[in-house]
Peer 1: 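A single structure is presented below for examination.
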Amino acid sequence: MARVLTAEAWAGRDTAAIARRLLGCRLVVGGSEGRRALRITEVEAYCGPHDRASHASRGRTPRNAVMFGPAGFWYVYLCYGVHEMLNLVTGPADYPAAVLIRGVEGIEGPGRLTRALRIDRRFNHLPATRTTGLWIEERDVPVESGDVAATPRIGVDYAGPEWSGKPWRFVLRAPGEARARRAKR
DNA sequence: TAAGTGATCTCT
DNA sequence: GAGATCACTTAA
């Protein structure tokens, strides 16, 4: 079985690098209905107290408190009254940062992902370990830089151009797509 | 393109 | 306690 990635893998301060690092890793849901392990294909980085797009930018609140804790915990919250959003807390304690998991293979969209995998606020504040039933395993295939596209984050225009424009969304291209792009040129 | 949805936060 | 806002999705 693949290696389970634990807090030290996510404890660094470079949230964007950690977000990229998550691409290709497997999000594993283990429950009574069995086990699903899906490659992570789309993520967004929310980086520190000054990131105006981040919930943490207006200080610590009951909702975002887990972001201010150590890395390796889940931050799950309800968005628009409808959708559960799944984030992995990153960075050292007292440095509020997290990576939003927006998509996995076969499931595009943060709200659809949580609905399909039955992930909800039960996981908020729990560690990403096997015992909680939701964890992350190492990639089984390396990800090359050419396989990763960086774009601005989605749905954060309210943060203003300086922050909404940062290329902190990362998408893993489908296998072979990077090669096809190179061949086209 | 717009409505639905309800927790959360900010201001009275 | 009221009002605004919101890291989205779906149906039209």
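Labels below follow one simple rule: chain letters A, B, ... track the order of the sequence lines, proteins then strands, and each chain is numbered from 1. For clarity, every value in this text was computed on a predicted model and none was experimentally measured.
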Peer 1: Return a single string for nucleotides 2-7 of chain C, one symbol per nucleotide in 5' to 3' order, where B is base contact, S is sugar-phosphate-only contact and - is none, cutoff 4.0 angstrom on heavy atoms.
Peer 2: ----BB
Peer 1: Which part of the nucleic acid, if any, lies within contact of Arg52(A), taking any heavy atom under 4.0 Å across all strands shown: a base, the sugar-phosphate backbone alone, or nothing?
Peer 2: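 Touches nothing.
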Peer 1: Could you name each residue pair satisfying side-chain hydrogen bond (donor to acceptor under 3.5 Å, both in side chains) that touches residues 76-91 of chain A, not counting sequence neighbours?
Peer 2: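 Those involving residues 76-91 of chain A are Glu84(A)-Arg121(A).
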Peer 1: Please tabulate the protein-to-nucleotide N/O contacts below 3.5 Å involving nucleotides 10-12 of chain C, giving atom names and distances.
Peer 2:
{"unit_1": "dT10(C)", "atom_1": "OP1", "unit_2": "Arg115(A)", "atom_2": "NH2", "d": "3.0"}
{"unit_1": "dT10(C)", "atom_1": "OP2", "unit_2": "Arg112(A)", "atom_2": "NE", "d": "3.4"}

Peer 1: Please list all pairs passing the salt bridge (Lys or Arg N to Asp or Glu O under 4.0 Å) test where one or both residues lie in residues 60-81 of chain A, with sequence neighbours left out.
Peer 2: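 Every pair satisfying salt bridge (Lys or Arg N to Asp or Glu O under 4.0 Å) with a residue in residues 60-81 of chain A: there are none.
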Peer 1: Provide, to the nearest angstrom, the distance between the CD1 atom belonging to Ile107(A) and the C1' atom belonging to dT9(C).
Peer 2: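 These atoms are roughly 15 Å apart.
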Peer 1: In this structure, how many angstroms lie between the C1' atom of dA3(B) and the NE2 atom of His83(A), rounded?
Peer 2: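 Between C1' of dA3(B) and NE2 of His83(A): 12 Å.
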Peer 1: Is there a donor-acceptor contact under 3.5 Å linking the side chains of His125(A) and Tyr75(A)?
Peer 2: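 Per modelled atom types, His125(A) and Tyr75(A) side chains form no pair under 3.5 Å.
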Peer 1: List for me each residue that meets side chain to side chain contact (heavy atoms under 4.5 Å, CB included) alongside Arg118(A), sequence neighbours excluded, and say none if there are none.
Peer 2: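 Result, side chain to side chain contact (heavy atoms under 4.5 Å, CB included) vs Arg118(A): Glu33(A).
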Peer 1: Checking Glu108(A) now: which residues fulfil side chain to side chain donor-acceptor pair (under 3.5 Å) with it, not counting sequence neighbours?
Peer 2: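 Expected list: none.
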Peer 1: Which dot-bracket string fits DNA chain C when only Watson-Crick or G-U wobble pairs with both atom distances under 3.5 Å count, crossing pairs get [ ], and | stands for a partner on a different strand?
Peer 2: ||||||.||||.
Peer 1: Using the test side chain to side chain contact (heavy atoms under 4.5 Å, CB included), find all partners of Arg13(A) that sit at least two apart in sequence or belong to another chain.
Peer 2: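 Partners of Arg13(A) by the side chain to side chain contact (heavy atoms under 4.5 Å, CB included) criterion, ordered by chain and then number, come out as Pro92(A), Tyr95(A).
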Peer 1: Quick one: name the residues clustered hydrophobically with Val141(A), using the 4.5 Å side-chain heavy-atom rule over I, L, V, M, F, W, Y, and just say none if it's on its own.
Peer 2: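 Its cluster mates, by chain and number: none.
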Peer 1: What residues form a salt bridge (charged side-chain N to carboxylate O under 4.0 Å, His left out) with Glu42(A), not counting sequence neighbours?
Peer 2: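 Salt bridge (charged side-chain N to carboxylate O under 4.0 Å, His left out) list for Glu42(A), sorted by chain: Arg102(A), Arg169(A).
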Peer 1: For Arg21(A), check side chain to side chain contact (heavy atoms under 4.5 Å, CB included) against everything at least two apart and list the hits.
Peer 2: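 Arg21(A) satisfies side chain to side chain contact (heavy atoms under 4.5 Å, CB included) with Arg3(A), Leu5(A), Trp10(A), Cys25(A), Glu138(A), Arg139(A) only.
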Peer 1: With sequence neighbours left out, what residues match Thr132(A) under side chain to side chain donor-acceptor pair (under 3.5 Å)?
Peer 2: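 Result, side chain to side chain donor-acceptor pair (under 3.5 Å) vs Thr132(A): none returned.
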